[in-house]
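Below is one structure, written out as structure tokens; comments come after it.
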Amino acid sequence: MYKLLLLLLALVGLPTQAKLVVNFPQADPAPPHHHYYRQVLELALEKSGEPFTLNPVPLNESQFRIAQMLFRGNPVNLAWMGTSSEYEQKLLPVRVPLMRGLSGFRVLIINRSRQPEFSQVQSLADLAAFTGVQGIGWSDIEVLKGAGLNISAARRTTILDMLNRDQHVDYYPRSPVEAFGELAAQGQDYPQLMVEPRLLLHYPFAVYFFVSPEAPRLAEALTRGLERAYSDGSFMALFERHPLIRDSLRQLQAEQRLRLELANPDLTEATRRLPDHYWHPGARP
């Protein structure tokens with residue numbers, strides 16, 4: 001009995017591994033493609049071998065504001081965002097492209113009344129005559145501006161309404177996964193909107209999980225988990241079966257589009273050196 005008591009006391013004294021607490025921003029309403037990132041997050045944490053708790057934090061803030069919150073680690077310690085050299089310096093990037101580089105392919109959401117004008121576009125110089133729009137603080141604004149395009153910034157929640165009313169902006173570059181998914185989900189609210197059928201922008205780009213500098217253990221766990229998910233095939237299984245990705249790729253492959261290439265001088269060497277198997281064919285920097 002005495003030995004059993006000593007054993008129990010010893011077990012009580014053993015340190016227990018604290019759960020990873022993952023606080024991530026949850027927009028309302030959440031764009032349809034956010035479901036995919038949430039699934040990848042859960043997969044990576046499960047594969048990491050660490051106990052965890054997911055806490056969505058209701059936030060309808062700009063990406064710029066969310067990045068500031070991430071730097072402080074409050075109220076969120078993780079977000080998925082398009083990468084930039086600044087984010088990679090100030091935050092902890094988990095360098096696995098969550099969309100396999102598909103985020104660098106952009107179709108244009110437009111007001112359908114403007115399609116005759118867009119049908120005349122043959123070059124980036126032609127497209128520069130129009131005004132594009134991106135969300136405030138989005139990493140690819142400077143990429144688009146660097147290519148000579150006229151780009152303004154607005155709150156994400158107002159952009160579709162601006163286009164639907166044909167006010168102030170002419171087009172909204174979105175990845176195919178985002179564009180087709182958002183119009184499928186919200187098309188009845190914005191009957192004048194369509195995905196422009198001719199043009200396809202491309203620039204090397206990646207969406208990463210970014211972690212607060214205050215949570216290095218979380219960044220290490222996600223890196224380990226995503227590497228394991230790639231090794232055992234579970235990442236690719238999730239990517240290939242997700243309906244938004246599958247349907248958007250099928251639609252793009254069925255279309256003949258004019259591909260306009262843009263440089264991305266802000267893409268870091270660390271991102272450029274990532275292994276080929278992390279990128280979708282044609283998206284490799």
Side-chain angles (χ1 to χ4, degrees), residues 22 24 33 36-37 39-41 43-45 47-50 63-64 66-67 70-71 77-106 134 137-147 173 175-178 200-240 242 245 249 252 259-285:
V22 186
F24 64 94
H33 62 281
Y36 167 75
Y37 292 123
Q39 286 185 304
V40 176
L41 176 60
L43 175 66
L45 290 168
K47 293 293 179 180
S48 76
E50 302 249 17
Q63 184 170 294
F64 174 76
I66 288 173
L70 270 183
F71 184 75
N77 60 6
L78 173 140
W80 47 82
M81 302 188 298
T83 191
S84 72
S85 59
E86 181 181 7
Y87 288 167
E88 291 185 37
Q89 290 169 6
K90 293 183 177 179
L91 304 171
L92 299 180
V94 180
R95 287 194 176 92
V96 175
L98 302 176
M99 200 64 74
R100 292 176 49 77
L102 290 184
S103 47
F105 289 95
R106 298 294 170 120
Q134 295 279 265
W138 287 5
S139 307
D140 50 356
I141 288 178
E142 295 307 314
V143 176
L144 296 163
K145 286 184 174 180
S175 81
V177 174
E178 295 164 338
L200 180 67
L201 308 183
H202 175 255
Y203 41 93
F205 198 62
V207 173
Y208 289 150
F209 287 134
F210 282 93
V211 176
S212 169
E214 303 297 317
R217 181 176 155 225
L218 174 57
E220 292 168 2
L222 287 169
T223 300
R224 182 170 64 251
L226 286 173
E227 289 173 349
R228 289 175 177 173
Y230 255 99
S231 295
D232 67 16
S234 54
F235 183 100
M236 285 304 298
L238 171 59
F239 180 85
E240 291 174 346
H242 195 278
I245 294 173
L249 283 175
L252 276 186
R259 179 164 161 169
L260 303 176
E261 292 286 346
L262 292 74
N264 184 358
D266 190 52
L267 202 68
T268 64
E269 282 303 311
T271 295
R272 294 182 188 277
R273 291 195 303 266
L274 289 175
D276 288 348
H277 67 266
Y278 282 155
W279 301 97
H280 188 74
R284 183 78 170 88

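Minimum interatomic distance between Asn264 and Pro204 (heavy atoms only, all atoms of both residues): ND2-O, 2.7 Å. Shortest non-hydrogen contact noted between Leu45 and Leu218 is CD2-CD1, 4.0 Å. The nearest pair of heavy atoms linking Leu252 to Leu200 is CD2-CD1, 4.5 Å. Annotation for Leu226 and Phe209: closest pair CD1-CD1, 4.2 Å, computed over non-hydrogen atoms. Between Glu50 and Ala221, the closest heavy-atom pair is CG-CB, 4.1 Å. Closest approach of Gln63 to Gly137, counting heavy atoms only: NE2-O, 3.4 Å.
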| said: Run the side-chain contact (heavy atoms from CB on, under 4.5 Å) test on Leu91 and Met81 for me, step by step, so that the C-alpha distance in whole Å, both residues' side-chain angles and the decisive distance to 0.1 Å come before the verdict. | reply: CA-CA 11 Å; Leu91 304 171; Met81 302 188 298; 3.9 Å; yes

| said: With side chain to side chain donor-acceptor pair (under 3.5 Å) as the criterion, how do Asp266 and Ser85 come out once you've worked through the C-alpha distance, each side chain's angles and the decisive distance to 0.1 Å? | reply: CA-CA 6 Å; Asp266 190 52; Ser85 59; 2.5 Å; yes

| task | Apply side chain to side chain donor-acceptor pair (under 3.5 Å) to Thr271 and Glu88, showing your working. | result | CA-CA 10 Å; Thr271 295; Glu88 291 185 37; 3.2 Å; yes

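The distance from the CD1 atom of Ile245 to the CG atom of Leu238 is 7.0 Å, given to the nearest 0.5 Å. To the nearest 0.5 Å, the span separating OG on Ser48 from CD on Glu220 amounts to 11.0 Å. Here the NE2 atom belonging to His202 is positioned 5.0 Å from the CZ atom belonging to Arg259, to the nearest 0.5 angstrom. One finds the CD1 atom of Ile141 at 11.0 Å from the OG atom of Ser84 (value rounded to the nearest 0.5 Å). With rounding to the nearest 0.5 Å, the separation of CZ in Arg100 from CE in Met236 is 4.0 Å. Atom CZ of Arg106 and atom CG of Asp140 lie 4.5 Å apart (nearest 0.5 Å).
Arg273 places no side-chain N or O within 3.5 Å of a backbone atom of Thr268 that could act as its donor or acceptor partner. Although no hydrogens or angles enter the test, the distance criterion places a donor-acceptor pair under 3.5 Å between the side chain of Tyr36 and the main chain of Leu98. Counting only distance, with no hydrogens or angles, the side chain of Ser212 and the backbone of Leu70 share a donor-acceptor pair below 3.5 Å. Arg284 contributes no side-chain N or O that, together with a main-chain N or O of Pro281, makes up a donor-acceptor pair within less than 3.5 Å.
Contact check for Lys47 versus Asp232: side-chain heavy atoms found under the 4.5 Å cut-off. Taking the side chain as every heavy atom from C-beta outward, Pro97 and His280 never approach each other to under 4.5 Å. You'll find the side chain of Thr83 stays beyond 4.5 Å of the side chain of Pro93, heavy atoms only. At least one side-chain heavy atom of Leu222 sits under 4.5 Å from a side-chain heavy atom of Leu78. Side-chain contact between Pro213 and Phe71: present, with at least one pair of heavy atoms (C-beta onward) separated by less than 4.5 Å. Side-chain atoms of Leu102 and Phe239, non-hydrogen and from C-beta on, do get closer than 4.5 Å to each other.
Note: Phe205 and Tyr203 have perpendicular aromatic rings, judged against thresholds of 30 and 60 degrees for the angle between ring planes. The aromatic rings of Trp80 and Phe24 sit tilted, their planes meeting at an angle between 30° and 60°. Ring orientation note: the planes of Tyr278 and Tyr230 are nearly perpendicular, at an angle over 60° on the 30°/60° scale.
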